[in-house]
2 protein chains.
Amino acid sequence: MHKIILYTCSMANQQLIKGSLSTIVLHLLQSAGEMYGYEITQKVKQLTSDEIKLTEGALYPTLHKLEAEGTLTTESRKVDGRVRKYYRLTEDGKKATAERMEELEAFLLNMQRVLGLNIKLSS
Amino acid sequence: MHKIILYTCSMANQQLIKGSLSTIVLHLLQSAGEMYGYEITQKVKQLTSDEIKLTEGALYPTLHKLEAEGTLTTESRKVDGRVRKYYRLTEDGKKATAERMEELEAFLLNMQRVLGLNIKLSS
DNA sequence: ATCTTATGCATAAGAAAATTATGTATAAAA
DNA sequence: TTTTATACATAATTTTCTTATGCATAAGAT
C-alpha cells in the first residue's frame, strides 16, 4: 500500500552541475563514439557512484537542442524489442566539444583562483 | 555619437558558474570577514583576470536571499559620501559555508571522474 | 498469471537562477 | 559638464533544471 521512496542523494551537489550538463554529454559522446540517452544517464550514475543523477527531463531536452543546433546526429535502432536513439557528434560537434572542454578547464582554473583551491589539471 | 562596446569575454565560461555563485560569495566572505556587494564583483573580476564577471542582477538577489535565510547579516555604512552595505557570515553561515565547500569539492571530483580529468585538490 | 522493476523514449508544468535592462544616487575624472 | 567609477536595487525575460506524467516493451519476482 505504502510506497516508500528513499532519496539518498548528495543534494546541493546536484545544482552545481547546472551549466555543465551539455559539456558532460558532449565529452561522453566523444569518448564513446555513440551513445543513447538512457545509456548516458547510467554512465554518469556509474562514474559518480550514484552521486550525480541526470534526470531525463534535463537530458532529453539537452540532447534535442544539441541535435537542432547541428552538434549531434541521431540514428534509431531496435535492440531487444526496444527502440534506442543513438547520438553521435557531427564534425561541427567535435569542434564544439573541444571548445567546451577548454572553457571548462578555464572555468576550473578560475574556480581555483577565486576559491583559493589548488587544482592541477592533467589531460 | 556611436558608442562602441567591446565584449571580450570568455562567454560560455560564464554559464558554467551557474549554481556555484553563492558558494563563491560565501567563500569570499569567509576569507575577508566582511565585504560589500560592489567589492565582491571587483574581487571576482580581479581574481579571474576579467574572465568571470558577476553581474549585479545575479549578485544582489543572491545576497538578499542568503540574508533572508540567516546565512548573512548586513551593516550599512557611509564611506566617502556613499552608502556601502557590508555583508558578514553568521554562525550558521560559517557552517553552511563549510558544507558548501565540501559539496563543491565533491562536485569537482565527480567532474574529474565523468570527464576523465585528473584534478588534484589540496586545501 | 500478474505485478514490479528495468529499460527506453518524450513532454509539460513549475521553480530556480541567471541575463539584460533599467533606475536612483554620489564622487571623481576628463 | 559630461563621462566614468562607485554603490545600491529591482523588474522583465530567458535559460535551464526539477518534478510529474505519459507511453511502451522486456525481464524478473510473487
Side-chain angles (χ1 to χ4, degrees), chain A residues 1-7 9-25 34-46 52-69 74-87 107, chain B residues 1-5 7 9-25 34-46 52-69 72 74-87 107:
Chain A
M1 324 296 159
H2 279 294
K3 189 176 279 189
I4 298 172
I5 301 172
L6 295 176
Y7 291 96
C9 76
S10 45
M11 293 308 295
N13 196 323
Q14 287 297 92
Q15 76 170 351
L16 289 169
I17 216 179
K18 281 170 191 274
S20 51
L21 196 159
S22 58
T23 305
I24 289 173
V25 168
E34 64 173 12
M35 294 179 89
Y36 55 98
Y38 185 74
E39 187 183 7
I40 294 174
T41 66
Q42 298 307 301
K43 185 70 179 171
V44 170
K45 205 178 160 186
Q46 171 230 315
I52 292 181
K53 288 168 192 166
L54 293 197
T55 59
E56 294 163 307
L59 178 63
Y60 289 117
T62 296
L63 287 170
H64 298 164
K65 194 187 171 193
L66 290 169
E67 187 185 3
E69 285 170 7
T74 63
E75 189 188 326
S76 292
R77 287 180 225 149
K78 199 164 194 176
V79 180
D80 296 329
R82 272 187 292 261
V83 173
R84 292 178 182 169
K85 196 165 167 185
Y86 283 90
Y87 289 85
F107 168 72
Chain B
M1 325 296 158
H2 278 292
K3 189 176 280 188
I4 298 172
I5 302 173
Y7 292 96
C9 73
S10 45
M11 292 308 296
N13 195 323
Q14 287 297 93
Q15 78 170 351
L16 288 168
I17 215 180
K18 281 168 190 275
S20 52
L21 195 158
S22 59
T23 305
I24 289 173
V25 168
E34 63 173 13
M35 294 179 88
Y36 55 99
Y38 185 74
E39 187 183 7
I40 294 173
T41 65
Q42 298 307 301
K43 186 70 179 172
V44 170
K45 204 178 160 187
Q46 171 230 315
I52 293 181
K53 287 168 192 167
L54 294 197
T55 60
E56 296 162 308
L59 179 64
Y60 288 118
T62 295
L63 287 170
H64 298 164
K65 193 187 172 193
L66 289 169
E67 188 185 3
E69 284 170 9
L72 303 178
T74 62
E75 192 189 324
S76 293
R77 289 180 224 148
K78 198 163 194 175
V79 181
D80 296 328
R82 272 186 294 259
V83 173
R84 291 177 182 171
K85 197 165 167 186
Y86 283 90
Y87 289 85
F107 168 72

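Naming convention: chains lettered A, B, ... in sequence-line order (proteins, then strands); numbering from 1 in each chain.
Nearest-nucleotide mapping onto DNA chain D: of B/Gly57 and A/Gly57, the residue sitting toward the 5' end is B/Gly57.
Distances from the side chain of A/Thr55 to the nucleotides C/dA17, D/dT19, C/dT19 place D/dT19 closest. Taking the side chain of B/Leu21 as heavy atoms from C-beta on, and the options C/dA18, C/dT19, D/dA9, the nearest nucleotide is C/dA18. When distances run from any side-chain atom of B/Ala58 to the nucleotides C/dA6, D/dA5, C/dA18, the shortest one goes to C/dA18.
The nearest whole Å value for the distance from the CD atom in B/Glu39 to the P atom in D/dA7 is 9 Å. Rounded to whole angstrom, the span from the CD atom of A/Glu69 across to the C1' atom of D/dT15 amounts to 13 Å. Distance, B/Tyr36 OH to D/dA5 C1': 11 Å, rounded to whole Å. Regarding A/Tyr87, its OH atom lies at a distance of 9 Å from the C1' atom of C/dC9, rounded to whole Å. Straight-line distance from the CD atom of B/Gln42 to the P atom of D/dC8: 11 Å, rounded to whole Å. Taking atom CG on A/Leu63 and atom P on C/dG8, their separation rounds to 15 Å, with Å as the unit. What separates CG of A/Leu59 from P of D/dT16 is a distance of 14 Å, to the nearest Å. Residue B/Leu66 contributes atom CG, which lies 15 Å from atom P of C/dA16 at whole-angstrom precision.
Nucleic acid contact for B/Gly37: sugar-phosphate only, since backbone atoms but no base atoms lie under 4.0 Å from a heavy atom of the residue. Heavy atoms of A/Ser76 sit nowhere under 4.0 angstrom from any nucleic acid atom.
Closest non-hydrogen pair, B/Gly37 versus B/Leu63, comes out as CA-CD1, 4.1 Å.
One finds no side-chain N or O of A/Lys65 lying less than 4.0 angstrom from the OP1 or OP2 phosphate oxygen of D/dT15. Applying the 4.0 Å criterion to OP1 and OP2 of C/dA10, one finds that A/Tyr60 has every side-chain N and O outside that range. Between A/Lys85 and C/dA10 there is a side-chain N or O to OP1 or OP2 distance below 4.0 Å. Regarding contacts with the backbone of D/dT6, every side-chain N or O of B/Thr41 stays at 4.0 angstrom or more from both OP1 and OP2. At the phosphate of D/dC8, neither OP1 nor OP2 sits under 4.0 Å from any side-chain N or O atom of B/His64. Between B/Tyr38 and D/dA5, a side-chain N or O to OP1/OP2 separation shorter than 4.0 Å is absent.
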Heavy-atom protein contacts under 4.0 Å, nucleotides 23-30 of chain C, coded B base, S sugar-phosphate only, - none: ---BS---
Steps toward side chain to side chain contact (heavy atoms under 4.5 Å, CB included) verdict (A/Lys45, A/Gln42): CA-CA 5 Å; A/Lys45 205 178 160 186; A/Gln42 298 307 301; 4.1 Å; yes
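Taken from CG in B/Leu59 to CD1 in B/Ile40, the straight-line distance is 5.5 Å, to the nearest 0.5 Å. Atom-to-atom distance recorded for B/Ile24:CD1 and B/Lys43:NZ is 13.5 Å, nearest 0.5 angstrom. Taken to the nearest 0.5 Å, the CG atom of B/Leu72 stands 5.0 Å off from the CG atom of B/Leu66.
A/Glu34 is linked by a side chain to side chain contact (heavy atoms under 4.5 Å, CB included) to A/Arg77, A/Tyr86, A/Arg88, counting only residues two or more places apart in sequence or in another chain. Residues that satisfy the side chain to side chain donor-acceptor pair (under 3.5 Å) test with A/Tyr36, not counting sequence neighbours, are A/Arg84.
Applying the side chain to side chain donor-acceptor pair (under 3.5 Å) test to every pair with at least one member in residues 56-67 of chain A, sequence neighbours left out, gives these pairs: A/Glu67-A/Thr74.
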